[in-house]
Amino acid sequence: RSLCWDAVLRQFVGDWEAVRAQADKAIGMATEQGLSLVQASGTIMLGWAQVNEGHGADGARQIRQGVEDYRATGAGLPVPHFLAALSEAARALGRPAEGLDVVADGLAIVERSGERYFEAELHRLQGEMLLDRSPDDDGPAERAFQQALSVARAQQAKSLELRAAMSLSRLWRAQGKSKPARELLTTVYGCFTEGFDTVDLKEAKSLLDDLS
């Protein structure tokens with residue numbers, strides 16, 4: 001199971017090659033030892049890596065199968081996190097309505113279970129897919145990004161706050177509000193003292209440069 005959690009950690013920093021490697025190991029070990037929960041978790045993480053490596057259809061199938069197998073065990077933790085993977089896969093395939101349904105499922109579980117560590121990211125993904133579905137009606141997406149930002153701040157989840165700030169800053173830039181976008185992102189980015197070689201912080205720095 002430690003291999004799966006290591007894959008989750010690698011997912012947070014966007015190291016998809018390492019995610020795939022750890023997921024492969026977890027699936028192999030789980031298959032040999034008959035560990036259905038670990039096998040399902042590994043399948044989800046492998047699919048998530050495939051989606052982010054450009055293999056959306058294959059990755060989506062892996063994630064969907066893994067989520068079904070995982071939920072069939074009766075386990076609850078961390079289903080909302082895994083549903084975020086499924087929603088990202090739907091988005092990658094150009095299916096925002098499907099992705100929004102998955103996010104709604106994840107947020108409903110959050111409310112029932114109180115498992116909130118990935119809540120902010122679910123709201124952010126909701127905002128991105130609302131924009132994908134209705135790009136000319138950005139009000140609902142902006143509210144979702146603001147909710148993601150609020151939740152992340154309340155939890156002091158700086159990495160998720162950064163992602164929410166980037167999504168909101170991009171939207172504000174598109175609305176012609178580059179100054180508040182830059183101020184928001186500068187404030188959040190300035191909280192970090194390390195990890196500048198990770199995907200999110202590189203992306204934030206690039207966006208800040210564009211907003212300057």
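As a basis for the values below, the full set of heavy atoms in this structure was taken, side chains included, without hydrogen atoms, waters or symmetry mates.
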Colleague: Going by side-chain heavy atoms closer than 4.5 Å, which hydrophobic residues are tied to Leu46, directly or by a chain of links?
Modeller: Ile27
Colleague: Applying salt bridge (Lys or Arg N to Asp or Glu O under 4.0 Å), name anything that partners Glu17, two or more places apart in sequence or on another chain.
Modeller: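 Testing Glu17 for salt bridge (Lys or Arg N to Asp or Glu O under 4.0 Å), a comparison that skips the adjacent residues, returns none.
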Colleague: Which residues satisfy the salt bridge (Lys or Arg N to Asp or Glu O under 4.0 Å) test with Asp138, sequence neighbours excluded?
Modeller: none
Colleague: Can you list everything that forms a ring-ring contact (aromatic ring centres under 6.0 Å, His included) with Phe118? Sequence neighbours excluded, please.
Modeller: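 Per chain and number, Phe118 pairs via ring-ring contact (aromatic ring centres under 6.0 Å, His included) with Phe12, His81.
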Colleague: Which pairs pass ring-ring contact (aromatic ring centres under 6.0 Å, His included) with one or both residues in residues 125-162, sequence neighbours excluded?
Modeller: none
Colleague: Please check if any side-chain donor atom of Asp6 sits under 3.5 Å from a side-chain acceptor atom of Gln22, or the reverse.
Modeller: yes
Colleague: Checking Glu128 now: which residues fulfil salt bridge (Lys or Arg N to Asp or Glu O under 4.0 Å) with it, not counting sequence neighbours?
Modeller: Arg91, Arg124
Colleague: Who passes side-chain hydrogen bond (donor to acceptor under 3.5 Å, both in side chains) against Arg133, sequence neighbours left out?
Modeller: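 For Arg133 there are no side-chain hydrogen bond (donor to acceptor under 3.5 Å, both in side chains) partners, ignoring immediate neighbours.
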Colleague: What residues form a side-chain hydrogen bond (donor to acceptor under 3.5 Å, both in side chains) with Lys158, not counting sequence neighbours?
Modeller: Glu161
Colleague: Can you list every pair that meets salt bridge (Lys or Arg N to Asp or Glu O under 4.0 Å) and has a residue in residues 66-76, with sequence neighbours left out?
Modeller: Arg71-Asp105
Colleague: Quick check: is Leu131 connected to Leu125 through a chain of hydrophobic side chains (ILVMFWY, heavy atoms under 4.5 Å apart)?
Modeller: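 In one cluster: no.
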Colleague: Between Asp24 and Arg20, is there a salt bridge with N-O shorter than 4.0 Å?
Modeller: no
Colleague: Quick one: list whatever passes ring-ring contact (aromatic ring centres under 6.0 Å, His included) with Phe192, sequence neighbours left out.
Modeller: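 Result, ring-ring contact (aromatic ring centres under 6.0 Å, His included) vs Phe192: none returned.
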Colleague: Could you tell me which residues satisfy salt bridge (Lys or Arg N to Asp or Glu O under 4.0 Å) with Glu203, sequence neighbours excluded, listed by chain and number?
Modeller: Arg170
Colleague: Not counting sequence neighbours, which residues clear side-chain hydrogen bond (donor to acceptor under 3.5 Å, both in side chains) with Lys205? List them please.
Modeller: Asp209
Colleague: Assess whether atom NZ of Lys177 is packed by more than 12 heavy atoms of other residues, nucleotides or ligands within 6.0 Å.
Modeller: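 Yes.
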Colleague: Under a 3.5 Å cutoff, is there a donor and acceptor pairing between the side chains of Trp48 and Glu88?
Modeller: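 The answer is yes; a qualifying pair exists.
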Colleague: Answer yes or no: is there a side-chain heavy-atom contact under 4.5 Å between Leu160 and Val151?
Modeller: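 No, side chains not in contact.
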